[in-house]
Peer 1: 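Let me give you the structure first, and then I'll get to my questions.
Counting from 1, the numbers follow the sequence of the chain as shown.
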Amino acid sequence: MRLVERLRKEVRKRTAKNDSAHDFGHIMRVYGNAQRIAKKEKANMKLVLTAALLHDIVSYPKSDLRSKTSSIMSAMEASRILKRYGYAADEIKVITEAIRDHSFSRGAIPETLEGKILQDADRLDATGAIGIARTFSVGGAEKRSFYNDEDPFCRFRVPDDTRWTLDHFYKKLLLLEKKMNTKTAKNEARRRIKIMNQFLREFRREI
């Protein structure tokens, strides 16, 4: 695991300019999620933790046209980094495929257990209290309004999270529990989404 520790230091430096929703704090929360899931699901810890560290090594802002390619570019950059660190070819394959397929916008289901765990770990960080904070951080950076004045909670319209931050809950976040791959992540997502629903109920009261 010394390789993972060395890699962690490099990733910290390289993600220093990432936005607050995809910064080193996010990476380490995903790392922690992945570690807990991997332990319960009996996955290869080295591969899971390495993938977690490198999953956002390339991160374009949501408004950037390249945003949907972030996971692909991260996988390519990860391959170059891992070769330099002496990872074996079969390890690099598992790690880079996990990184490539973890993204929600890519719409892929990873083939390996390690890939499934990375995807779950990343999606968990979009839920709960931290998920709420990240959502409004991105919304502020993209200069989106909090909500649609006529229908804040998308009761009669299709969510548009490019315009209203609250719409992101209905377009993606509240759906994540059903999209988790592992039982461990499903259980944790269920708990976190209860927090998000409680937040939305309070939001409704206050506006």
Side-chain angles (χ1 to χ4, degrees), residues 18-23 25-27 29-30 33-34 37 51-52 55-56 58-75 98-110 115-204 207:
N18 282 18
D19 68 84
S20 59
H22 301 88
D23 60 6
H26 162 69
I27 288 168
R29 290 191 301 273
V30 172
N33 291 338
I37 299 169
H55 81 278
D56 273 345
V58 177
S59 179
Y60 298 115
K62 293 299 181 184
S63 58
D64 193 306
L65 292 176
R66 299 170 295 175
S67 176
K68 290 187 177 182
T69 70
S70 289
S71 65
I72 297 171
M73 299 305 294
S74 289
I99 293 170
R100 181 196 66 198
D101 292 338
H102 86 276
S103 170
F104 185 88
S105 59
R106 184 169 169 80
I109 298 175
K116 288 179 169 65
I117 290 172
L118 174 63
Q119 189 175 73
D120 284 355
D122 185 57
R123 289 178 175 180
L124 280 176
D125 202 52
T127 61
I130 198 71
I132 294 169
R134 291 181 69 217
T135 298
F136 283 94
S137 173
V138 172
E142 298 297 327
K143 296 180 170 54
R144 298 170 188 157
S145 298
F146 278 178
Y147 56 89
N148 176 294
D149 291 331
E150 295 180 359
D151 184 9
F153 304 99
C154 304
R155 292 180 63 196
F156 306 109
R157 62 184 178 83
V158 176
D160 182 1
D161 58 359
T162 65
R163 298 182 65 187
W164 300 291
T165 299
L166 208 63
D167 284 32
H168 193 55
F169 287 78
Y170 299 97
K171 186 171 183 179
K172 174 184 175 181
L173 304 184
L174 298 177
L175 309 177
L176 288 177
E177 178 189 339
K178 293 182 179 179
K179 292 183 178 293
M180 294 295 173
N181 300 294
T182 64
K183 182 179 179 181
T184 304
K186 285 180 186 293
N187 290 337
E188 177 63 12
R190 188 176 302 116
R191 185 191 70 81
R192 293 185 182 209
I193 287 174
K194 286 180 181 177
I195 294 169
M196 302 182 91
N197 279 317
Q198 182 180 348
F199 167 79
L200 291 170
R201 286 192 294 271
E202 184 60 28
F203 202 103
R204 185 178 288 108
I207 63 172

Peer 1: Looking only at heavy atoms, what is the nearest atom pair of Gly115 and Ala98, with distance?
Peer 2: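 Minimum heavy-atom separation between Gly115 and Ala98: CA-CB, 3.5 Å.
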
Peer 1: Is atom CD of Glu202 surrounded by more than 12 heavy atoms (other residues, nucleotides or ligands) closer than 6.0 Å?
Peer 2: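 More than 12 within 6.0 Å, yes.
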
Peer 1: CG of Asn181 to CG of Asp120: how many Å apart, nearest 0.5 Å?
Peer 2: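 Interatomic distance, Asn181 CG to Asp120 CG, rounded to 0.5 Å: 4.5 Å.
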
Peer 1: Taking everything shown except Phe146 itself, do over 12 heavy atoms lie less than 6.0 Å from its CZ?
Peer 2: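 Incorrect, the count does not exceed 12.
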
Peer 1: Any side-chain heavy-atom pair from Asp151 and Trp164 closer than 4.5 angstrom?
Peer 2: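 When only atoms from C-beta onward are counted, Trp164 and Asp151 do not touch, as no gap falls below 4.5 Å.
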
Peer 1: Quick check for you: to the nearest 0.5 Å, what is the distance between Ile132 atom CD1 and Ile195 atom CD1?
Peer 2: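 Ile132 atom CD1 to Ile195 atom CD1 measures 7.5 Å (nearest 0.5 Å).
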
Peer 1: Sub-3.5 Å donor-acceptor pair from the side chain of His102 to the main-chain atoms of Ile99, do we have one?
Peer 2: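 Flag set: sc His102 to bb Ile99 pair under 3.5 Å.
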
Peer 1: Side chain of Asp167, backbone of Asp160: donor and acceptor closer than 3.5 Å?
Peer 2: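 Such a contact is found between Asp167 side chain and Asp160 backbone.
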
Peer 1: Looking at Asp56, Asn18, Asp19, which one forms a side chain to side chain donor-acceptor pair (under 3.5 Å) with His26?
Peer 2: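 That would be Asp56.
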
Peer 1: Between atom CG of Asn33 and atom CG of Leu118, what is the distance when rounded to the nearest 0.5 Å?
Peer 2: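 One gets 10.5 Å once the value is rounded to the nearest 0.5 Å.
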
Peer 1: Within the 4.5 Å heavy-atom criterion, are Met180 and Leu124 side-chain neighbours or not?
Peer 2: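 SC-SC contact between Met180 and Leu124 confirmed.
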
Peer 1: Using the side chain to side chain donor-acceptor pair (under 3.5 Å) criterion, which residues pair with Arg29? Sequence neighbours excluded.
Peer 2: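 So Arg29 forms a side chain to side chain donor-acceptor pair (under 3.5 Å) with Asp125.
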
Peer 1: Would you mind reporting whether Arg192 and Ile130 have side-chain heavy atoms less than 4.5 Å apart?
Peer 2: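 Yes. Closest side-chain heavy atoms under 4.5 Å.
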
Peer 1: For Ile207, does the CD1 atom have more than 12 heavy-atom neighbours from other residues, nucleotides or ligands under 6.0 Å away?
Peer 2: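 Yes, CD1 of Ile207 has more than 12 neighbouring heavy atoms, counting only those of other groups under 6.0 Å.
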
Peer 1: May I ask you to check whether over 12 heavy atoms, not counting those of Arg163, lie within 6.0 Å of atom CZ?
Peer 2: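 Counting neighbours around CZ of Arg163, 12 or fewer heavy atoms of other residues, nucleotides or ligands fall under 6.0 Å, so no.
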
Peer 1: How many angstroms lie between CD in Glu188 and CD in Glu177, if you round to the nearest 0.5 Å?
Peer 2: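 The CD atom of Glu177 is 11.0 Å from CD of Glu188, to the nearest 0.5 Å.
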
Peer 1: Using side-chain contact (heavy atoms from CB on, under 4.5 Å) as the criterion, point out the one residue from Asp161, Thr135, Ile193 that pairs with Phe169.
Peer 2: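 Only one of Asp161, Thr135, Ile193 forms a side-chain contact (heavy atoms from CB on, under 4.5 Å) with Phe169, namely Thr135.
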
Peer 1: For Arg204, I'd like to know if atom CZ has over 12 heavy atoms of other residues, nucleotides or ligands within 6.0 Å.
Peer 2: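 Yes, enclosed.
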
Peer 1: For atom NZ of Lys179, decide whether the heavy atoms of other residues, nucleotides or ligands shown that lie under 6.0 angstrom number more than 12.
Peer 2: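 No.
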
